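Note sheet for the following structure.
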Amino acid sequence: MDTNQYLEVFIDESTENLQVVNDRLLDLEKNADDLSIVNDIFRAAHTLKGMSATMGFEDLADLTHKLENVLDAIRNEQINVSTSILDVLFDSVEALEDMISDISNGGDGKKDVQAIVGQLKAIESGEAVGENESPKSETATQLSSDISLDEFEQTVLEEALSQGQHVYHISVSLAEDCLLKAARVYMVFEVLEQSGEVIKSIPTVEQLEDEQFDETFDIIVVSEQDDEAIKAKIYKVSEVKDVQIKAFDSSRIRSEEEGTTEEEVSATTEAKPEKESEETDSPKRQKAVSNKTIRVNIERLDTLMNLFEEMIIDRGRLEQISREIEHQDFRETVERMTRISSDLQNVILTMRMVPIEQVFNRFPRMVRNLARDLGKKIDFQIEGAETELDRTVIDEIGDPLVHLIRNAVDHGIETPEKRAASGKSETGRLILKAYHSGNHVFVEIKDDGGGINQDKVLQKALKNDIITNEQASNLNDRQIFELIMASGFSTADQISDISGRGVGLDVVKNTIESLGGTIEIDSEYGEGTTFSIKLPLTLSIISVLLVVLKDETFAVPLSSIIETAVIHKKEIYKARGREVIDFRGNIVPLVHLKEVFAVEQDQDNADDYYSVVIVRKGDQMAGLVVDSFIGQKEIVLKNLGQYLKDVFAISGATILGDGEVALIVDTNALIK
Amino acid sequence: MLETTSNQSKMIVFQLKDEYYGVPVDTVGSIERVQQITRVPNTQSFIKGVINLRGVVTPIIDLRERFQMDAAEFTDQTRIIIVHFDGKDVGLIVDSAKDVVDLPEDSIEPPPEVIGSVEVDYIRGVAKDNNRLLILLNLEKVLSMDEKESLSTVD
């Protein structure tokens with residue numbers, strides 16, 4: 001019950017709740033009249049407040065509390081939703097996010113939020129006059145305790161009472177000879193959490209856990225169940241000697257209350273406390289999720305994967321042995337094991353997949369803020385947020401997407417005036433879309449903005465010496481668009497006047513290529529631009545073509561292969577001292593992998609045919625000459641370790657079925 | 001000098017030609033028999049390649065070549081000592097590896113000017129142990145890449 005062990009859960013859940021607040025605020029902006037949205041926001045904010053107060057993050061709880069007050073006023077139609085109010089609400093969400101990210105980085109979540117709190121207060125007091133009628137029908141019996149409650153706890157209790165729940169003050173005494181007091185306390189808490197919510201304990205949870213109490217401790221609990229039921233449940237915990245249960249005196253809470261909490265009471269009559277069993281209109285996914293998932297450190301999954309690979313290697317050996325000894329039962333068992341391990345592999349791989357939603361979530365608000373700052377109107381839509389990707393890819397893809405979306409908002413979509421002048425609707429459309437196709441995930445960012453002005457791009461590229469005049473006349477549309485991603489194409493301060501993009505797009509391109517992906521641009525001047533990113537489903541498993549050079553095996557990533565060919569020596573020409581082939585009308589230079597990798601040449605000329613793997617990098621191609629092809633294989637990508645960091649034309653290694661290491665060819669390094 | 005906290009250092013002793021060397025036992029992950037080594041092209045000649053060490057691709061250095069000794073065929077005695085150093089895992093091919101010895105801290109002396117065939121650079125110190133001279137390696141230098149030998153890369 002040390003709060004630290006809950007920190008991770010707290011961070012995750014707070015982030016989730018903030019996301020709900022965020023998403024629903026965006027909805028609210030579109031449907032200002034829909035008060036059910038406000039209810040959702042309120043609930044999420046409320047949960048957040050509860051959690052942060054429990055965890056002792058006062059600033060966080062405080063700000064959420066103020067936020068809640070405003071939301072409440074909106075819900076009770078004391079305040080009308082306006083853009084300025086929403087701006088303040090968004091600012092608060094941002095501040096909350098900052099705090100949580102501070103906490104997750106090991107900070108204390110403190111932040112100066114006076115300004116925002118002030119604004120929230122102003123909004124609240126502007127129209128919200130506190131209603132004083134507060135439902136207080138709860139039985140107030142004798143209270144024999146000196147438990148003092150802070151503002152937050154009072155609020156929670158008020159709320160619970162107003163919803164007709166019971167608040168109990170429970171005194172539990174443990175047997176004198178109880179050895180594991182902390183364990184018993186834990187069990188009691190667990191029982192109580194099942195039937196309600198523990199608001200406070202005397203001594204504190206920490207002290208209880210450290211066994212810093214005698215035999216008795218006091219707890220305040222909110223529950224729907226009656227006292228006898230709870231009492232009976234607690235008695236089921238061993239070594240509990242005595243349980244005293246009383247209804248908590250609500251009048252005592254009232255006496256310490258302030259104006260703000262009063263409003264709260266009327267405010268929260270509809271809201272359910274967070275741990276409440278779900279019913280009616282709130283399908284609380286939080287609870288459903290926590291029942292079905294556990295959080296696992298990705299390193300453990302990596303370890304699992306490593307162990308599994310070792311098993312695969314041994315499986316290969318077993319298969320070998322079973323062929324040799326020709327034993328029927330043995331062979332069948334090995335075959336069965338082979339099937340099971342294939343299934344196992346799929347399970348392990350899917351465990352590492354997470355929805356891209358995690359990355360997409362932060363964009364709506366970002367777009368909103370950008371649009372506001374730039375004075376543009378944008379209708380931002382997300383499709384396919386449930387598309388799953390390997391965790392490692394998810395971690396890397398966020399920044400490039402931020403970049404592209406910023407670009408689209410900043411340079412792609414025009415100002416309302418300009419749009420109106422060119423006959424478009426004033427509101428620009430920006431679509432972010434993800435979908436699966438084959439072994440890849442596609443992410444598209446599509447805007448209906450100004451598009452890319454090819455002439456300006458060409459001029460700029462010429463000016464910056466990225467291309468020559470001669471080249472410029474031979475480029476097709478797509479090649480011209482790709483120029484904006486060339487390094488050295490533009491710098492931030494110059495680009496805005498080219499209807500265009502280009503700010504650090506080379507960085508985006510590099511990141512995506514380093515992930516084994518590609519990025520393409522499609523644009524129609526005046527109509528809009530689409531960036532399409534193609535990403536591998538996972539970084540750790542890739543498809544390769546295994547090739548042989550003398551007695552060494554190398555792997556060439558399938559993603560860069562166009563096709564394989566067997567070419568007669570007569571079809572090889574010399575151009576500027578280099579061997580080239582005519583491949584479907586393109587002149588493709590040949591690269592002898594044996595030379596590149598310094599493999600001993602055996603008797604050359606033995607064969608009149610070359611086995612060639614045609615690979616590409618962007619629009620350039622090369623033919624890699626190998627001795628023979630083995631075939632396609634899914635392999636697990638491994639790096640060469642810290643010691644061998646930059647080996648020319650080798651991007652990594654993999655372990656083959658027989659346990660041998662094969663190197664993976666970095667074809668990009670071979671194409672100039 | 002080696003381990004300031006204790007006055008005894010445990011050393012794995014291995015042999016190269018007729019000389020004895022020592023590496024601290026806490027830097028050694030395991031000692032392996034020679035297995036299939038995959039050559040990594042375009043690296044320095046003493047880097048023999050990589051092996052599959054229980055699922056981890058591990059680079060292998062031939063210490064004889066590293067110290068510019070004459071190459072030798074692998075025998076039954078040949079071992080690969082896997083060392084961790086500075087976040088790197090590297091295997092060192094040695095002629096044989098058998099002993100673990102306890103060296104008193106004060107028996108370790110700074111390296112003399114010239115010793116055996118190994119350049120002083122790689123040596124942290126020498127120690128006497130049962131009538132044999134033990135050369136203690138400075139792993140940092142042994143594993144350092146920025147050597148005089150230029151990297152033979154393909155353009």
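On a predicted model such as this, the values are computed, not experimentally measured, just so you know. Residue numbers start from 1 in every chain, and the chains themselves are labelled A, B, ... in the order their sequence lines are given, proteins ahead of strands.
Proximity to chain B (any heavy atom under 4.5 Å) is restricted, for A:Val647, to the side chain, taken from C-beta onward. The contact between B:Val90 and chain A is made entirely by side chain atoms (from C-beta outward), counting heavy-atom distances below 4.5 Å.
Looking at residues two or more places apart in sequence or on another chain, you find no ring pair (Phe, Tyr, Trp, His ring centres under 6.0 Å) involving B:His84.
Less than 6.0 angstrom separates the ring centroid of A:Phe554 from the ring centroid of A:Phe597.
In terms of non-hydrogen atom pairs under 4.5 Å with chain A, the most contact-rich of B:Ile61, B:Asp86, B:Ile37 is B:Ile61.
A salt bridge links B:Arg132 with B:Asp99: the closest approach of a Lys/Arg side-chain nitrogen to an acidic carboxylate oxygen falls below 4.0 angstrom.
Summarising the geometry of B:Arg79 relative to B:Ala97, their closest heavy-atom pair is CG-N, 4.1 Å, with the distance given to 0.1 Å.
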